[in-house]
Protein chains: 4
Amino acid sequence: MPDGAVKTEKKPVKKPVKKKDKYRQRQTEVIDAAAAVFAKKGYHGASTGDIAALLGIAQSSLYYYFKSKDEALEKVCLHGIKGYVERLQAIVAGDGSAEDKIRGAIHNHIEPVIFIPDYFRTFVGELRYLPENRRQKLNNMIAEYNALFEQILVDGIAEKTFTGSLDSHSTMLMLIAQCNTVPFWFGQFEQYSPAQLADMLADNFLQGALWRPN
Amino acid sequence: MPDGAVKTEKKPVKKPVKKKDKYRQRQTEVIDAAAAVFAKKGYHGASTGDIAALLGIAQSSLYYYFKSKDEALEKVCLHGIKGYVERLQAIVAGDGSAEDKIRGAIHNHIEPVIFIPDYFRTFVGELRYLPENRRQKLNNMIAEYNALFEQILVDGIAEKTFTGSLDSHSTMLMLIAQCNTVPFWFGQFEQYSPAQLADMLADNFLQGALWRPN
Amino acid sequence: MPDGAVKTEKKPVKKPVKKKDKYRQRQTEVIDAAAAVFAKKGYHGASTGDIAALLGIAQSSLYYYFKSKDEALEKVCLHGIKGYVERLQAIVAGDGSAEDKIRGAIHNHIEPVIFIPDYFRTFVGELRYLPENRRQKLNNMIAEYNALFEQILVDGIAEKTFTGSLDSHSTMLMLIAQCNTVPFWFGQFEQYSPAQLADMLADNFLQGALWRPN
Amino acid sequence: MPDGAVKTEKKPVKKPVKKKDKYRQRQTEVIDAAAAVFAKKGYHGASTGDIAALLGIAQSSLYYYFKSKDEALEKVCLHGIKGYVERLQAIVAGDGSAEDKIRGAIHNHIEPVIFIPDYFRTFVGELRYLPENRRQKLNNMIAEYNALFEQILVDGIAEKTFTGSLDSHSTMLMLIAQCNTVPFWFGQFEQYSPAQLADMLADNFLQGALWRPN
DNA sequence: AATGAATGAGGATTCATTCAT
DNA sequence: CATGAATGAATCCTCATTCAT
């Protein structure tokens, strides 16, 4: 009984929370739309009108959710790599072999690429159009990510998991580049799950293509 | 008499040839500039003003060399893959092993990527902005190129040069995607020659990264 | 006394009054803010967002206190010259000399200019942006004010307080214009009180700048 | 004969000059229009469309003559005070009495105010909307101008042309302010020439309004 | 009594393109 | 050959205003 009273009293306390939540949710939808349009048409090829049309709202209404097209791109990119670094840190810090780690890293990289392809394609293809000042933070994250990735290779070479002829830096770049291209051709391969794709890629990287008689 | 006639006759005959040559040459410079600007800023991010500025001429003067920005992009893309298919055809028709052929194909693919990076980056990154009608021809070339590439893999699997677990289609796409990313990070690797890079890539693809005690 | 009854009876009677008072008071604050923003940024350079920000409320909340930006400007202007005409009428109707009256008029004009500078600057500088229909009333007040001012000059010339070479109309305009400019540079003269400033201005007007040996 | 040849040779040399001249001339017309519109509607109340409409050209064509609305305002303001400082310098450097100089200064100030009223009204009323960076130069010119003006007053007080009770700084500001207001009410006084107006103003300032029996 | 959400209209600016010379 | 001049369309963004709550 008192509970009922408490509940009705809570409302005025709760409301602002709910409102902010609703705003956040709508903002997410708006950024989703931006990601979709940027991915499809490229940042400069996309107009705010395109985004608004996708949402079925007025162009000017977009600006209630972001302050500029730049900011929208930034938000898309940030969401595109959210958690990436953290997850890779966990993998690197783990106690598996270098092979396990590289497989883990490839899975980590590819899965979001496939689950939020619009965000990821935008991140990969349009980040360079983000103005210098907004790009800084993202560049730092990339640098950190790359360093972690390379670390796995370096360690693997040291522990003789990987061949000593591997140039860790260029290999890292190539491997990441390869993963990054996935969302651009994945559409044609719906028969493979993201995990399968990641495995294929990892196998390819680790084993090579040559036939090995056994 | 004949002399005079010849002279006056020759002029209108010869000059146009020379003029056309000069025109062609200047046009090449213009398309070079377009390629450079497209590569740097993206098709939609680039303005005809940027191209003109790079050449030190007036914007309107560009239209003497191409009819529209679209056409400029088309010319850049066409030049970006000129000879690609033909050279790959020759490689496929050759009588080396599948391994040799795949190495040859990778070299073939990478060298231009590096020698005319502006053209190639534009081709890889901006082709999708080319209007449907102009894109047709290029798409056909790509399809043919991909088919040739895949053929090598298919043959290689058949002749047991490549492991049977290889999915030829997706492998082809990944391999090409990997080659295509080269011009985007090559700048950092001036210590490697294009040929060395191609070898590294081919080795990686063929041998894999795992350490092989022997 | 039947306190209880009175109290409960009064409430519904009094509250609306109190409410209106509170509304009026808040409205005054809102118009104050509008005056400040208009004075600083100009009518067209000011946005309703600026006003709301100064008050710490939402833009849309402003419309509870005025129906449009136009109306806000009108309210500011009206408040800016409230009492002006009446006080000048009193001065003109008084029985001092023309010199006293012109001094009184200048004081009358300058003091509000300084005590409510935002209102006054807005009135002087932004009135012209008020739409025709709203401007009518204010224009009439100005005309009346000017006429009263000129009357002092005319009378002063007739009674030989002022030199006969004075063109009363243009002099009136110049004198008023001079007073109007005060709030635009007064900030730099905090060492002078409004009354001193008015005196300086009046002295200048009456005596002139030339040195008079005596 | 040689003359003819020379003449035809000159053409290519002369042309560029003529073209630039034509551009300059047209630019002047454009800035004239901008001044007119700014003066009438205020900087923020004026749209580039208004300016274009006055010229009978397309909005976008304006940008061939100035890079931004800001720049247009700057050009108008600069033109509005062109020569002001220099002419006042000449007056101050002259060898007349302080009275002559102050008369000269008032004439100098008022005449352009009347001959190019749009420029001047814009300069007086809209300069404050010019972004900080563009305003610097103009502010410096104003400071220099004011200093020169004040110098006349200081000298005049020293040489006992002006009464010792004069506060030179505030008087300077008031006098200039008074001159500046002229173009805002001059329209009503077409019976007076600029010179007459300047004389009236100077007389007023020097002699004062009081009747002097003599 | 106030606000969140949304919008239409307008505004500055860019840009590809044209055309006379 | 090349350009100066001009323009229409598009684009990003701001803003006054509305209205349900």
Side-chain angles (χ1 to χ4, degrees), chain A residues 15-16 18-20 22-23 26-27 30 44-52 55-72, chain B residues 19 22-23 26-27 30 44-52 55-72, chain C residues 19 22-23 26-27 30 44-52 55-72, chain D residues 15-16 18-20 22-23 26-27 30 44-52 55-72:
Chain A
K15 248 186 180 170
K18 269 191 179 171
K19 281 214 168 155
K20 228 173 209 172
K22 207 174 176 189
Y23 176 82
R26 190 88 175 105
Q27 193 183 42
V30 169
H44 281 124
S47 79
T48 55
D50 295 332
I51 302 172
L55 289 162
I57 63 174
Q59 258 149 302
S60 57
S61 302
L62 293 176
Y63 286 78
Y64 188 62
Y65 297 102
F66 53 72
K67 277 197 278 293
S68 71
K69 206 184 162 193
D70 277 358
E71 199 192 82
Chain B
K19 273 198 174 173
K22 207 178 176 191
Y23 175 83
R26 191 88 176 109
Q27 194 184 42
V30 169
H44 281 122
S47 78
T48 55
D50 294 331
I51 302 172
L55 289 162
I57 65 174
Q59 251 158 298
S60 56
S61 305
L62 293 175
Y63 286 78
Y64 190 65
Y65 298 104
F66 52 73
K67 275 199 278 295
S68 72
K69 206 185 163 192
D70 278 357
E71 198 191 85
Chain C
K19 273 198 174 172
K22 207 176 174 191
Y23 176 82
R26 190 84 176 112
Q27 193 184 43
V30 169
H44 285 300
S47 77
T48 56
D50 294 331
I51 302 172
L55 289 162
I57 64 174
Q59 251 158 294
S60 56
S61 304
L62 293 174
Y63 287 77
Y64 190 66
Y65 298 105
F66 52 73
K67 275 198 279 293
S68 72
K69 207 185 163 193
D70 279 357
E71 198 192 85
Chain D
K15 250 187 181 170
K18 269 193 178 171
K19 281 214 168 156
K20 228 172 209 173
K22 207 174 177 190
Y23 177 82
R26 190 87 175 106
Q27 194 184 42
V30 169
H44 280 123
S47 78
T48 54
D50 294 331
I51 301 172
L55 289 162
I57 64 175
Q59 259 150 300
S60 57
S61 302
L62 292 175
Y63 286 78
Y64 189 62
Y65 297 103
F66 52 73
K67 276 196 278 295
S68 71
K69 208 183 161 194
D70 278 357
E71 199 192 83

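In what follows, chains carry the letters A, B, and so on, assigned in the order in which the sequence lines appear, proteins first and then strands, with residues in each chain numbered from 1. Values below: all heavy atoms of this structure, side chains included; hydrogens, waters and symmetry mates excluded.
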If you pin D:Y65 and C:D50 to their nearest nucleotides in DNA chain F, which one's is more 5'?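 Between the two, 5'-proximity favours D:Y65.
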5' precedence on DNA chain F between A:S68 and C:H44 (nearest-nucleotide basis): A:S68
Starting at the 5' end of DNA chain E, which residue's closest nucleotide do you reach first, A:L62 or C:L62?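 The answer here is C:L62.
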Between B:K69 and D:K67, just flag the one whose closest nucleotide in DNA chain E comes earlier from the 5' side.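 Result of the comparison: D:K67.
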Distance in angstrom units between [X] [atom1] and [N] [atom2], rounded:
{"X": "C:I51", "N": "F:dA16", "atom1": "CD1", "atom2": "C1'", "value": "11 Å"}
{"X": "D:Y63", "N": "F:dG8", "atom1": "OH", "atom2": "P", "value": "16 Å"}
{"X": "A:I57", "N": "E:dG4", "atom1": "CD1", "atom2": "P", "value": "18 Å"}
{"X": "C:E71", "N": "F:dT17", "atom1": "CD", "atom2": "P", "value": "10 Å"}
{"X": "B:D70", "N": "E:dC15", "atom1": "CG", "atom2": "P", "value": "16 Å"}

[N] pairs with, by Watson-Crick or G-U criteria that keep both distances under 3.5 Å:
{"N": "F:dT3", "result": "E:dA20"}
{"N": "E:dA1", "result": "none"}
{"N": "F:dT14", "result": "E:dA9"}

Would the base of E:dG4 count as contacting C:S60 through its side chain, where contact means a donor and an acceptor less than 3.5 Å apart? yes
Using a distance-only criterion (donor-acceptor N/O pair, under 3.5 Å, no hydrogens), is the base of E:dG11 paired with the side chain of D:T48? no
Assign [X] to base, sugar-phosphate, or nothing according to its heavy-atom contacts below 4.0 angstrom with the strands shown.
{"X": "A:A46", "answer": "sugar-phosphate"}
{"X": "D:Y23", "answer": "sugar-phosphate"}
{"X": "A:F66", "answer": "nothing"}
{"X": "D:S61", "answer": "base"}

Check whether any side-chain nitrogen or oxygen of D:Y64 sits under 4.0 Å from OP1 or OP2 of F:dA6, and answer yes or no.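 No, because none of the side-chain N or O atoms of D:Y64 sits under 4.0 Å from OP1 or OP2 of F:dA6.
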